[in-house]
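Working notes, beginning with the structure itself.
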Amino acid sequence: MAKSVFPVPRGTYAGMTEAQVTQARNAAQQALLSLLNGTRPMSAGYNQGDGGRNVTFAGASEAQLRNNLRELNALLGVSTSRRAIRIRYR
């Protein structure tokens, strides 16, 4: 049986329990899906009686979200892909 890494001893997620890491992974996955689907706004604007307002968000890029998901999956022991099997002839 593998040794538990929870609570996480060091790094970005230090002190987090397994439930907290799972919750963070779910949030990161939802953020990635929102970014890919185009439902996550990068800027928004509205008009009010005294003038208009614009807000611009500095969101994470797709690469940053995918790296974050890889790190969280590694903590949870979820493998993302298998390595190709290579046959060597001698």
Side-chain angles (χ1 to χ4, degrees):
M1 184 172 199
K3 184 179 173 188
S4 177
V5 296
F6 298 101
V8 180
R10 61 186 169 281
T12 306
Y13 305 103
M16 292 178 77
T17 64
E18 186 173 6
Q20 291 171 324
V21 172
T22 302
Q23 186 178 14
R25 183 196 54 190
N26 292 340
Q29 201 165 22
Q30 189 60 44
L32 177 62
L33 289 173
S34 295
L35 181 68
L36 294 176
N37 291 334
T39 57
R40 185 171 159 202
M42 292 307 281
S43 64
Y46 66 93
N47 287 323
Q48 214 169 356
D50 62 344
R53 306 258 192 249
N54 283 327
V55 178
T56 302
F57 299 97
S61 69
E62 180 181 351
Q64 289 171 324
L65 288 171
R66 287 190 188 278
N67 286 337
N68 189 17
L69 277 171
R70 274 190 212 100
E71 187 176 351
L72 290 167
N73 283 335
L75 281 173
L76 293 170
V78 178
S79 66
T80 55
S81 64
R82 285 189 49 173
R83 201 172 179 190
I85 297 174
R86 306 223 193 271
I87 300 172
R88 290 186 178 171
Y89 295 101
R90 292 184 185 204

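All of these numbers come straight from a predicted model, not from anything done at the bench.
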Problem set entry | From CZ (Arg66) to CG (Leu35), nearest 0.5 Å | 9.5 Å

For this session: Indicate yes or no: at least one non-hydrogen side-chain atom of Met16 is less than 4.5 angstrom from one of Leu75.
Result: no

Problem set entry | Interatomic spacing from CZ in Arg25 to CG in Asn68 - rounded to 0.5 Å | 11.5 Å

For this session: Report the distance from atom CG of Asn37 to atom CD of Gln30, rounding to the nearest 0.5 Å.
Result: 8.5 Å

For this session: Could you tell me which non-hydrogen atom of Ala28 sits nearest to which non-hydrogen atom of Leu69, and how far apart they are?
Result: CB-CD2, 3.9 Å

Seminar exercise, completed: Taking every heavy atom of Glu62 against every heavy atom of Leu32, the minimum-distance pair comes out as CG-CD1, 3.9 Å

Problem set entry | Heavy atoms from other residues, nucleotides or ligands near CD of Gln20 exceed 12 (cutoff 6.0 Å) | yes

For this session: Find out if a path of hydrophobic residues (ILVMFWY) with successive side-chain heavy-atom gaps under 4.5 Å connects Leu72 to Val78.
Result: yes

Problem set entry | Gap between atom CG of Leu76 and atom CD of Glu18 - 0.5 Å precision | 6.0 Å

For this session: Begin with the C-alpha distance, continue with both residues' side-chain angles, and end with the deciding distance and a verdict on side-chain hydrogen bond (donor to acceptor under 3.5 Å, both in side chains) for Arg70 and Asn67.
Result: CA-CA 5 Å; Arg70 274 190 212 100; Asn67 286 337; 2.7 Å; yes

Problem set entry | Gap between atom CZ of Phe6 and atom OG1 of Thr22 - 0.5 Å precision | 6.5 Å

